[in-house]
Student: 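Got a structure here, written out as structure tokens. Questions coming.
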Amino acid sequence: MPNPKRQWYPGAIYHVISRGIRRTPIYLAPSDFNKFISILDDTYHYTPFSLHAYCLMTNHYHLLLGTKGDPLNKIMHSINCSYATWFNKKYNLTGHVFESRYTSHPVPSDYGLMTVSAYIHNNPRAATIVTDPIDYPYSSFPFYAYPEFVAEPTTQTLQTTTESHTIATTQLYNLHPNTANWHLFQHSETEFPTRSPPIAFTRDRLNQLFPTPLHCHYSRYVDREWTLSNL
């Protein structure tokens, strides 16, 4: 039976999830995360969209994506095909990188936008990678928690909370990344150079839903949603 056609209209917002084939990793090194962000930027130039939140996990990613003049399937085809082609070439692989079809759920209300964004930003905490979403460098949460600070994962080193020596970020990754100890790692404002968010990223919608200042109230909301999810 064919998959049902996704409904679309300009301005529609979706929670998009795309996973690696058989749940295998789709990011094997820090440069892979950065390449994915650059592909989001490239896609924006050809098929503009709004990006309200994102989180890149080891074997999948979440996007809170708003359409403009192009349907979701055109945007996602550009993102996933471009990344899969680059990933296979880099690691000398063949075949599918992603599952056959990404998952998308319409977000029809402002309340949905709030709760889905919090869910996306709490993903690293749910996976026990970090205890605070601000410590995870591959999501949009830092853009909300610290509007003037944007962390960029590079070849910098990370400090552990239990050891005095530094560990290169490349040691965190291999063909089968072990994320069990990621919660031991923290980053600070001085450890990473600042960078601009993805071109499509915008805080406008969530900024309208939270009192000023956004970064204080939104961070508390994300923490509250995490607490409620664990009751």
Student: So does Asn73 get a backbone contact from the side chain of His77, meaning a donor-acceptor N/O pair under 3.5 Å?
Tutor: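 It does not hold such a pair.
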Student: Would you kindly confirm whether Phe36 and Tyr91 end up in one hydrophobic cluster when ILVMFWY residues are joined by side chain heavy atoms under 4.5 Å apart?
Tutor: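 Yes, Phe36 connects to Tyr91 through the hydrophobic network.
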Student: Going hydrophobic residue to hydrophobic residue with side-chain gaps under 4.5 angstrom, can you get from Ile37 over to Ile17?
Tutor: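 Hydrophobic grouping puts Ile37 apart from Ile17.
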Student: Classify the angle between the aromatic ring planes of His60 and His62 as parallel (below 30°), tilted (30 to 60°) or perpendicular (above 60°).
Tutor: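 If you compare the ring of His60 with that of His62, the planes turn out perpendicular.
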Student: Give the ring-plane orientation class for Tyr83 versus Trp86, where under 30° counts as parallel, over 60° as perpendicular and anything between as tilted.
Tutor: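 Ring orientation, 0 to 90° scale: tilted.
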Student: Can you see whether His52 engages Thr202 through a side-chain donor-acceptor pair at a distance of less than 3.5 angstrom?
Tutor: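 Absent: no donor and acceptor within the cut-off.
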Student: So Phe87 and Leu28, do their side chains get closer than 4.5 Å, heavy atoms only?
Tutor: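 Counting from C-beta outward, Leu28 and Phe87 do come under 4.5 Å.
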Student: Who else is in Trp226's hydrophobic cluster (ILVMFWY, side-chain heavy atoms under 4.5 Å, direct or via others)?
Tutor: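 ILVMFWY cluster around Trp226 holds nothing else.
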Student: So, applying side chain to side chain contact (heavy atoms under 4.5 Å, CB included) with Tyr14, which one of Leu64, Leu72, Ile75 is it?
Tutor: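 Of all the options given, the one that passes is Leu72.
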Student: Locate the shortest heavy-atom distance separating Thr43 from Ser78; write the atom from each residue and the value.
Tutor: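 Thr43 and Ser78 have their closest heavy atoms at OG1-OG, 3.1 Å.
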Student: Please identify each residue that fulfils salt bridge (Lys or Arg N to Asp or Glu O under 4.0 Å) with Lys74, with sequence neighbours left out.
Tutor: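 Here the qualifying residues are Asp70.
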Student: Indicate whether any N or O donor in one side chain lies under 3.5 Å from an N or O acceptor in the other, for Asn80 and Ser18.
Tutor: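 Yes - a donor-acceptor pair under 3.5 Å links their side chains.
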Student: Take Tyr144 and Phe201, measure what ring pair (Phe, Tyr, Trp, His ring centres under 6.0 Å) needs, and give me the verdict at the end.
Tutor: CA-CA 11 Å; Tyr144 287 101; Phe201 180 76; 5.6 Å; yes
Student: Taking the six-membered ring for Trp, are the ring centroids of Phe210 and His217 within less than 6.0 Å of each other?
Tutor: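 Between His217 and Phe210, which both carry aromatic rings, the centre distance is not below 6.0 Å.
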